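Reading through the structure tokens given below for one structure.
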Amino acid sequence: MSGFSNDSGKKIVDNIIQVIQENRQYLSDIDGKIGDGDHGINMSKGFTLCQQELESNPGNMSHGFGVLSKILMTKIGGSMGPLYGMFFKALSKESEGEPEINEAVVRGMFNGAVNKLSVISPAKKGDKTLMDALLPALDALNNSLDGGDGLTIALKNMKKAAESGRDKTIGMQAKLGRSARLGERSIGVLDAGATSCALILGTFADTATDLIN
Amino acid sequence: MSGFSNDSGKKIVDNIIQVIQENRQYLSDIDGKIGDGDHGINMSKGFTLCQQELESNPGNMSHGFGVLSKILMTKIGGSMGPLYGMFFKALSKESEGEPEINEAVVRGMFNGAVNKLSVISPAKKGDKTLMDALLPALDALNNSLDGGDGLTIALKNMKKAAESGRDKTIGMQAKLGRSARLGERSIGVLDAGATSCALILGTFADTATDLIN
Amino acid sequence: MQKIINDPDLVVEEMVEGFVKAHSDLISPTDNERVLKYKHAPVKGKVGIVTGGGSGHKPAFSGYLGKNMVDAVAVGEIFSSPPAMMFYDAIKAADGGKGVAVLYGNYAGDNMNVKMAIEMLEDDGIEVKTVVANDDVPSAPKSEIEKRRGVAGEILMWKVGGAKAAMGASLDEVIAAAQKSIDNTRSIGVGLSPCTLPQVGHPNFEIEPGKMEMGIGHHGEPGTEVVDLAPASIIAEKMTQMVLDDLPFETGDDVVVLVSGLGATPYLEQYIYFNEVEKILSAKGLNIHKSYVGDYFTSLDMQGVTLTLLKLDDELKNCIDYECNSIALKQFSP
Amino acid sequence: MQKIINDPDLVVEEMVEGFVKAHSDLISPTDNERVLKYKHAPVKGKVGIVTGGGSGHKPAFSGYLGKNMVDAVAVGEIFSSPPAMMFYDAIKAADGGKGVAVLYGNYAGDNMNVKMAIEMLEDDGIEVKTVVANDDVPSAPKSEIEKRRGVAGEILMWKVGGAKAAMGASLDEVIAAAQKSIDNTRSIGVGLSPCTLPQVGHPNFEIEPGKMEMGIGHHGEPGTEVVDLAPASIIAEKMTQMVLDDLPFETGDDVVVLVSGLGATPYLEQYIYFNEVEKILSAKGLNIHKSYVGDYFTSLDMQGVTLTLLKLDDELKNCIDYECNSIALKQFSP
Ligand SMILES: Nc1ncnc2c1ncn2[C@@H]1O[C@H](COP(=O)(O)OP(=O)(O)O)[C@@H](O)[C@H]1O
Ligand SMILES: Nc1ncnc2c1ncn2[C@@H]1O[C@H](COP(=O)(O)OP(=O)(O)O)[C@@H](O)[C@H]1O
Ligand SMILES: [Mg+2]
Ligand SMILES: [Mg+2]
Ligand SMILES: [Mg+2]
Ligand SMILES: [Mg+2]
């Protein structure tokens, strides 16, 4: 089998919520070094609100991502509200109505997410933002699938690329967001958004792989 | 000889100013334990202003105490402005016009000072105020002179009584001023006003004795 | 000492200098550099309102100079009563021929200096009367109410006295209204950190992290107890209860609530605290006629808040609602 | 963490609750619990003024709601831009049929959320225009002025925009005046201590005792240099010079001076600092038309001050002098 059901995919949403909650302090600490120290707080608050809404209003993966997106855009704000709001909106929209989440759907989801993000954020590769985890991850996913690797391997490559992209932000100088004003002093530490993005992509990959096997 | 000239007595004023300046921090620290920590600051500011005025407008002891009194009342305020203002006003008034400061004059000065203070302050012995240095000091002076001790011995007794009165304030509970609100917790430390008062009386005694000898 | 100052011994001088320049639309200096007055004082035919006290409480005292508020202020050293001569000059600066009400707080130094100032005025033919604020509940038991300190309730006393004077009242009427205001006012403070006198350079007392001092005074005078820092709801409950019980305030009373930060407490916390106070008052059936939240009466850089409640009757209500234009308190007619 | 709060995650909710209760004479809640409005908004036939931003800056932003000032505010989490939906609801709450001016500060989050809100409004038929404040000189070089942050200069932008709207101007006229105001405004801050996000519980950065950080941002964004703490005169000299040179301000200019404490800096220090600034401006031959000194735009419990200068022409002068009645800024007609 090379996919999983949209219904079972709700586990992905649950696990993403959980990993963000678990990393609340860690993400804030990273943000505190060159930002304002609230990235974990913002993210955790939004994802917890989503968890609460999903308890009374459960559904499949597309539904879960849709709820998450709506809550981020209406309740969270910051930079993360609109950015991750758009991101999860695409994950939801591109999988909506698909009972089976297969290679093609996954590919559509992440390509859609990057397209959506580009509309509202001017962030390019190397600007030290979540894009530095997301863009290499998308490339890896596409390349892997193009090369015929199959979904689980492609997801594994996506995760690996997200993490190495995240790690590369250490050497980058921030060009956008609060840390940008730091100039050269922003070099030497992780980017908070790239870190949360790698966590989300990694959790997606791991959980989807579990569901496929 | 059993006295000193009012002119040479200006040295007493100078030395009192100096001892207060030297104990600025010490007096504030004492006041800080059960008051607001400014006793040394207030005193030193006033006495230094007096020093400056006396430089351009020098004179004998009575003049010096008069200037000190005026400055305390017009520039210093707090509790100390009116209290020491009245105190030094009496020292000035009771010696004014006397070329020779002898037993009788000294007796008049300190009895006058206590009378003046009683007009504006309700402080009694045991209330943990400067009165606890001043009242026993006056008693010692009067008793010693009544007993025929002579001025230098009487001044020595006055100083000793002021210091032991000051030390007894450690065991007292403050009944007046800021520290009064502390109740029993005001017990165990010196009273700031009694400490400055003992310094002033002691310096008066020591300097007068030097002048007499 | 993380402070934006020059010579620590000159902080008051320089503060006054800056203050006069910043607010020249409302206040003027006088011949006594430590006496400030409302620009249009003395107001002819109006009872003059005078106050004063030690510095370090900004915007008190001089921040309340202005139209229908205070006419002249004597500015003391940090936490130290102004000398008699300053009160004397302030009273003269405020006198518009109808007498002067000196409305000040109950501190030993202020009591002596005001008393001496009034004696000095004997030959000046100015009628002077005083009200001594004693709104700070924890500073003495009710049986010794005359020993209590004056704290943020003084602001409401000035507001009432200032409005009454502006309405054309006589000196006795102004004094009676101000006295009624303070008699119906109760306050209490809590401290979460000590404050630092600039000239001393370090705090004069300690409040350990994780602790708070209930009933602390405006100069760090020790309070009634040092206890573990608690949630805002518990702090508010304790303080509100002490204040309510003392007057006592009762169901149906119309009240003014004044929450003041002590200098280093962000507004965020002050509003969270006010929110808890409001819940308690509402539950008890009190009507909040007007609320003030902000840094109205501070203690240098102390962390903490004071709570003040004033029980209103119609006269006090009219005075509280009366238009005024001072630096720190501006109100349009409702 | 010495703070008067309850649940650290709910500080904004509770602060808003307290704020609404304390100021019910001037403001009202709306259906969106994070959108507050001037009680009489929307004012029919008047251009609506909207702003918003992260919390922790009290009295900004909601303290500037009121008559002839801001009509509606979107209240974000601590130091975090309000979501698009809040800006959307704030704009709707402010719309009196003549368009809405959204006057906010240049932060990535606010930029994205306002942009999205305006997109969401496409079908509502409300004309919306924006001005993005960028008065913070040290946050980017002049060659990249569009990257600079908005700080306390926003208050003067709201004052000007609010007055212009109250005078009956069109949306374009309001936008033009607000833009002119911010284009003629320059600010700079200095920090003497870090601030603590209640939910984090400890400061996010350090400023060692004995040091100060020049050019620090309103959320503790690092400044241009960390140097030894200096006397107020030197601090003022450095900051004033940077601000004067940047516009530049010139001899004979009429200016507004706004000194704001950052949250934990006593008024005493703010006035001493202002006094030094005034000396420099006077020496340079600038005319201070109006001064503001106080906690106008804070950063939680940070120690430090910001300095803001606005160069006036006749239009701006009229707007600055115009009567207004908001919570934190009240002015009678001169
Ligand atoms: N314009 C942008 N485009 C993409 N990502 C951005 C942008 N601005 C900021 N970010 C990301 O946002 C992260 C910070 O998020 P967060 O702390 O939640 O918001 P804020 O900066 O408002 O406090 C940064 O680490 C960066 O990855
Ligand atoms: N009513 C009073 N009568 C006599 N002495 C007093 C009275 N009140 C206070 N004192 C004295 O004043 C001292 C404190 O002086 P100081 O610190 O200069 O003034 P303040 O209390 O205004 O800060 C006390 O230690 C006490 O000796
Ligand atoms: Mg952040
Ligand atoms: Mg003292
Ligand atoms: Mg004192
Ligand atoms: Mg943030």
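Just so it is clear: chains get the letters A, B, ... in the order the sequence lines come, proteins before strands, and each one is counted from 1. Keep in mind the model is a prediction, meaning the values are calculated, not measured.
- When all heavy atoms of C/Ser80 and B/Gly78 are compared, the pair lying nearest together is OG-CA, 3.2 Å.
- The OG atom of C/Ser81 sits 10.0 Å away from atom CG of B/Asn42, with the distance rounded to the nearest 0.5 Å.
- B/Asp38 and C/Ile78 get closest at one heavy-atom pair: OD2-O, 3.8 Å.
- Both the backbone and the side chain of B/Ile120 come within less than 4.5 Å of a heavy atom of chain C.
- More than 12 heavy atoms of other shown residues, nucleotides or ligands fall within 6.0 angstrom of atom CG in B/Asp146.
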Working for salt bridge (charged side-chain N to carboxylate O under 4.0 Å, His left out), residues C/Glu13 and B/Lys45: CA-CA 13 Å; C/Glu13 276 81 353; B/Lys45 187 159 185 173; 3.7 Å; yes
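- A 6.0 Å sphere centred on CD of C/Glu33 holds no more than 12 heavy atoms belonging to other residues, nucleotides or ligands.
- Residue contact with chain B, scored on non-hydrogen atoms closer than 4.5 Å, involves the backbone and the side chain of C/Asp9 alike.
- By the 4.5 Å heavy-atom criterion applied to side chains, C/Asn113 and B/Pro82 are counted as neighbours.
- Applying the 6.0 Å contact sphere to CD of B/Glu184 captures no more than 12 heavy atoms from other residues, nucleotides or ligands.
- Proximity of B/Met73 to C/Met85: side-chain heavy atoms (C-beta onward) are nowhere separated by under 4.5 Å.
- With a 4.5 angstrom heavy-atom cutoff, B/Met80 does not touch chain C via any of its atoms.
- Between chain B and the options C/Met112, C/His219, C/Glu119, the largest number of non-hydrogen pairs under 4.5 Å is found for C/Met112.
- Other residues, nucleotides and ligands contribute only 12 or fewer heavy atoms inside 6.0 Å of the CD atom of C/Glu208.
- Residues B/Lys75 and C/Met86 form no side-chain contact, since every pair of their non-hydrogen atoms from C-beta on lies 4.5 Å or further apart.
- Annotation: the span from C/Phe79 atom CZ to B/Ile41 atom CD1 amounts to 11.0 Å, rounded to 0.5 Å.
- Listed here is the closest heavy atom pair of B/Ser79 and C/Gly109: OG-N, 3.7 Å.
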